[in-house]
There are 2 protein chains.
Amino acid sequence: MTVWDRPEPPARPAPLDRERIVATAIALADEGGLEAVSLRKVAARLDAGPMRLYGYISTKEELFDLMVDEVHGEILPEEPPGDWREALRVRAHRTRQAALRHEWLADLLGGRPALGPNALAVGEATLAALDGLADLGTVLRAVETVSAYVIGAIRREITELRAERATGLSEREWQRAHGPHLRRMLATGRYPALAKAVYDGPDSDAETSFATGLDWVLDAVAVRLAPPRA
Amino acid sequence: MTVWDRPEPPARPAPLDRERIVATAIALADEGGLEAVSLRKVAARLDAGPMRLYGYISTKEELFDLMVDEVHGEILPEEPPGDWREALRVRAHRTRQAALRHEWLADLLGGRPALGPNALAVGEATLAALDGLADLGTVLRAVETVSAYVIGAIRREITELRAERATGLSEREWQRAHGPHLRRMLATGRYPALAKAVYDGPDSDAETSFATGLDWVLDAVAVRLAPPRA
DNA sequence: TATTCAGAAAATACGGTGTATCGACATGAG
DNA sequence: CTCATGTCGATACACCGTATTTTCTGAATA
């Protein structure tokens, strides 16, 4: 019996903490979507029984909140923005990038209050960049309006992306096909404008779509924040 | 043994159809949120075994799709709009009203492709109202941008509404309170701009918030659809 | 009318979920 | 060395979506 064949001690439970739990949950969600995240699976990956997690987390919802806040850490820009418009634009694009890395984010964003430290830091940075540009009410509305656009646009983009992937077709082909269903619907002639849009609409890549819509919204906001001198 | 004490026949199973199933599911969701909708409960309300539903529905996801399309029936406006702006505005407000009646809609909107007949009809009406105002690509972007805003704004509004209800406090009080958590966070002094916003921000009612943001976005869209003559 | 048969409805079953409860056990204190 | 404490794991419960099997009923046939 040498050191080598002496059996390992029975794998003392690795010390656990929220960070490791959240990281594992995020990994699972990245791989298989939100519905692949179960407390049992998270625990299993950490060589622990399911109940072990309840020492660090009190409910599955809370785990989701922690996951969202963790990703907000990726959204927070590292360098201060040039001006308010840049700040909002960068935040929007970083949010989108995070959602592309973690598609499940689209399912949670806006669906629960985001009050974790990272989310608050993002909010703080955003508000700071707009401070003093107008009265507080206007500034808040500006942020909310842009946020609403960002959340909605990301949600749609991820949804389309999943649908495409589900059919294995390219974006354009998906729009035309999507099973026989959509085609049959359009063929009824009851949706002529839709049909024209689907068949004659230009295909544009998702990023410029997002950026263009964002620019429109930023323009709208600009009028209220920094009204052009008459 | 008279007619009166003859036992009822064993309650012949009421004939079932998708409409009744969907209506029941919507009722359940209206009462207890999406997570209160289970195939077993829907079936129970219809005096049927769970498996009975599978004759009319092939999966729970499909039931959700049917619910969403059913509500799109409430969104479709009954009279044709005056102009494109009115069309977009009415669609937005009707969508919001539907989400206030059926809060679970906020959880599903934008999260799945909406290809049911009612959703398509809504899309058709919208596109028809914008037909010819600009090249097709611009029109599509306009609709998408407004839709993104609407979905995001509704999502946030419903989320806040639920959070308020959970604490039983008024909106304003909620922002100040939300457990000790937010207050503690703000008290750290790491989020001065946020703190100012929370404590000094004007409270506005949700409807005008929504309407104002919407108007901003519509203004932005207007510039591209009907550019002001130079 | 009696019998078969097809189709629908029901019951049962399976593998999963979140979480409450409780028993074993390891560790530190007296 | 004994005992208390508190953590971990196993077990348990109620529920879920859905596959499979069984039962039943109403119509067609002999």
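All figures in this text were calculated on a predicted structure; none of them were measured in a lab. The sequence lines fix the lettering, A, B, ..., with proteins before strands; numbering per chain opens at 1.
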| task | Look at the side-chain N and O atoms of A:T59 and state whether any lies under 4.0 Å from the OP1 or OP2 oxygen of C:dT19. | result | yes
| query | Separation of B:K41 atom NZ from D:dC16 atom C1', in whole Å? | reply | 10 Å
| message | Please report the distance, rounded to the nearest Å, between OH in A:Y56 and C1' in C:dT19. | response | 18 Å
| field | Length of the OH-P vector between B:Y54 and C:dA11, whole Å | value | 17 Å
| note | When rounded to whole Å, the CG to C1' distance for the pair A:L39 and C:dG16 reads 13 Å
| request: Using only heavy-atom distances, decide whether a donor-acceptor pair under 3.5 angstrom links the side-chain of A:R40 to the base of C:dG16. | output: no
| field | Residue list, side-chain hydrogen bond (donor to acceptor under 3.5 Å, both in side chains) with A:D65, at least two apart or on another chain | value | A:R112
| task | Send over the distance from B:I57 CD1 to D:dA19 P, rounded to a whole Å. | result | 14 Å
| Atom-to-atom span, CG of A:D17 to C1' of D:dC8 - whole angstrom | 17 Å
| said: Given 3.5 Å as the limit, does a donor-acceptor pair link the side chain of A:R40 with the main chain of A:P50, or not? | reply: no
| field | Student check: side-chain heavy atoms of A:L46 and A:V42 closer than 4.5 Å | value | yes
| task | Taking side-chain hydrogen bond (donor to acceptor under 3.5 Å, both in side chains) as the test, write out the residues that go with A:E31, two or more places apart. | result | A:R45
| note | Picking from D:dG9, D:dA12, D:dT20, the nucleotide nearest the side-chain atoms of B:M51 would be D:dT20
| note | Among the nucleotides D:dG9, C:dA9, D:dG17, whichever has the atom closest to the side chain of A:R52 is D:dG9
| In whole angstroms, how far is the P atom of C:dA10 from the CG atom of B:L46? | 11 Å
| query | Between C:dT17, D:dG17, D:dT18, which nucleotide has the shortest distance from any of its atoms to the side chain of B:P50? | reply | D:dT18
| remark: Per atom distances to the B:K60 side chain, the nearest of D:dG17, C:dG18, D:dC8 is D:dG17
| request: Please report, rounded to the nearest Å, how far the C1' atom of C:dG15 is from the CD atom of A:E35. | output: 16 Å
| query | For B:E62, does its backbone N or O pair with a side-chain atom of B:T59 as donor and acceptor, under 3.5 Å? | reply | no
